[in-house]
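This chain uses plain numbering: 1 for the first residue, then up along the sequence.
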Amino acid sequence: PFPQKCARAHIGRAGGTAVNNTKGGLIVSTRSFIAMKTETGFTAVYCHWDGNPKWNGVTLRDHYQDPAKISQLLALGYISILGEQIGEKHTFELGAEVEANQGWSTFYNRDRGDDWAYIMPQEYATFEQLHQAAADHWAVWLYVFNRGLWQCCKVNANLGAGPGDLMPIDYWLEKGA
């Protein structure tokens, strides 16, 4: 399950508010899980802000196509805000980092110094384990990069899911998700 220390940090820092992003919209706390298929299963991290396909989905699809760049993103652990670039260490002030740092991603360990043990990338042997971990982290969306394609599905803690539930991001955008 999602570590309570991390959960308290999210609630205490975010305070249930939305902040402006560089595209003129609001970043909303819609949790997501971001994963890449590996030879042994999946590597994944949690992402707190704006996990819906209109933001994280488009950002992943348009800016994270290189497997080496995706590995670099995941290697930094849990993400507060997914930006168009991985970026460099910067302030963790909500709202300020997206505009002030040219769309850089914001990470709980690199940028705020959270305990690595709680926010390091995780490995899952099966899609079912990955989906369950996303549900345990209260994620609404699960993104998986596999064979050069980003796909996603909604996470439902009450229902199991299989790899067949993953659909291309554009499918969800067309459905208005």
Side-chain angles (χ1 to χ4, degrees), residues 1-38 41-124 130 133-145 150 152 155 169:
F2 191 45
Q4 291 301 311
K5 179 178 179 181
C6 233
R8 284 194 302 275
H10 292 311
I11 294 165
R13 300 275 182 155
T17 61
V19 295
N20 287 320
N21 66 33
T22 57
K23 294 183 180 177
L26 292 178
I27 299 173
V28 181
S29 178
T30 302
R31 297 171 178 100
S32 63
F33 227 54
I34 300 171
M36 183 167 68
K37 180 78 174 95
T38 66
F42 300 88
T43 300
V45 297
Y46 167 86
C47 183
H48 188 71
W49 289 99
D50 213 9
N52 65 59
K54 288 182 274 189
W55 181 264
N56 280 3
V58 170
T59 301
L60 290 166
R61 181 195 68 196
D62 294 350
H63 301 282
Y64 293 91
Q65 287 296 318
D66 177 13
K69 184 177 179 182
I70 298 165
S71 293
Q72 187 181 18
L73 176 80
L74 298 177
L76 289 168
Y78 286 19
I79 303 166
S80 175
I81 296 175
L82 177 67
E84 295 173 356
Q85 301 173 45
I86 292 169
E88 299 173 8
K89 182 172 175 50
H90 58 274
T91 181
F92 197 87
E93 295 296 319
L94 286 177
E97 71 272 14
V98 176
E99 291 182 15
N101 296 299
Q102 298 94 26
W104 289 353
S105 297
T106 301
F107 298 88
Y108 287 102
N109 178 265
R110 181 190 74 182
D111 302 317
R112 189 168 78 180
D114 285 16
D115 187 337
W116 185 244
Y118 290 108
I119 48 79
M120 62 192 285
Q122 301 296 312
E123 303 290 330
Y124 303 96
L130 173 66
D136 290 346
H137 283 72
W138 309 307
V140 177
W141 290 96
L142 169 60
Y143 296 92
V144 177
F145 184 79
W150 280 106
C152 64
V155 176
I169 291 167

The test is ring pair (Phe, Tyr, Trp, His ring centres under 6.0 Å); show your working for Tyr46 and Phe33 and say whether it passes.
CA-CA 5 Å; Tyr46 167 86; Phe33 227 54; 7.1 Å; no

For Ile86 and Lys69, run side-chain contact (heavy atoms from CB on, under 4.5 Å): C-alpha distance rounded to whole Å, both residues' side-chain angles, the deciding distance at 0.1 Å, then the answer.
CA-CA 8 Å; Ile86 292 169; Lys69 184 177 179 182; 4.0 Å; yes

Could you check Glu88 against Trp104 for side-chain contact (heavy atoms from CB on, under 4.5 Å), going step by step and ending with a plain yes or no?
CA-CA 7 Å; Glu88 299 173 8; Trp104 289 353; 3.9 Å; yes

Walk me through whether Ser71 and Met36 qualify under side-chain contact (heavy atoms from CB on, under 4.5 Å).
CA-CA 8 Å; Ser71 293; Met36 183 167 68; 2.9 Å; yes

In sequence, state the C-alpha distance, the side-chain angles, and the governing distance for Val144 and Ile34, and then conclude on side-chain contact (heavy atoms from CB on, under 4.5 Å).
CA-CA 6 Å; Val144 177; Ile34 300 171; over 6 Å; no

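With rounding to the nearest 0.5 angstrom, the CH2 atom of Trp141 is 10.0 Å from the OG1 atom of Thr30. Separating the OG1 atom in Thr106 from the CZ atom in Arg112 is a distance of 10.5 Å, to the nearest 0.5 Å. The NE2 atom of His63 sits 9.5 Å away from the CG atom of Leu82 when rounded to the nearest 0.5 Å. Here the OG-CG distance, from Ser32 to Asp50, works out to 9.0 Å after rounding to the nearest 0.5 Å. Taken to the nearest 0.5 Å, the OH atom of Tyr108 stands 8.0 Å off from the CD1 atom of Ile81. How far CD of Glu84 is from OH of Tyr64: 8.5 Å, rounded to the nearest 0.5 Å.
Without hydrogens or angle criteria, Thr59 side chain to Gly83 main chain gives no donor-acceptor distance under 3.5 Å. A donor-acceptor contact shorter than 3.5 Å links the side chain of Asn109 to the backbone of Asp114. Side-chain atoms of Asp111 come within 3.5 Å of backbone N or O of His90 as a donor-acceptor pair. Although no hydrogens or angles enter the test, the distance criterion places a donor-acceptor pair under 3.5 Å between the side chain of Lys89 and the main chain of Arg110.
For the pair Ala35 and Leu74, the tightest heavy-atom approach, listed with the atom from each and the gap, is C-CD1, 4.4 Å. Residue Trp116 comes nearest to Gly77 through the heavy atom pair CH2-N, 3.8 Å, listed as atom of the first residue, atom of the second, then distance. Nearest heavy-atom pair, Gln122 versus Tyr78, reported as atom, atom and distance to 0.1 Å: CG-OH, 4.4 Å. Across all their heavy atoms, Arg31 and His137 have their closest contact at CD-O, 3.6 Å. Closest heavy-atom contact between Gly57 and Ile169: O-CD1, 3.2 Å. What you find for Asp115 and Ile119 is that their closest heavy atoms are O-CG1, 3.3 Å.
Contact annotation: the side chain of Trp150 never approaches that of Asp62 to less than 4.5 Å [non-hydrogen atoms, C-beta and beyond]. Counting only heavy atoms from C-beta outward, the side chains of Thr38 and Thr43 approach each other to under 4.5 Å. In this structure, Tyr143 and Asn56 have side chains that are in contact, with non-hydrogen atoms separated by less than 4.5 Å.
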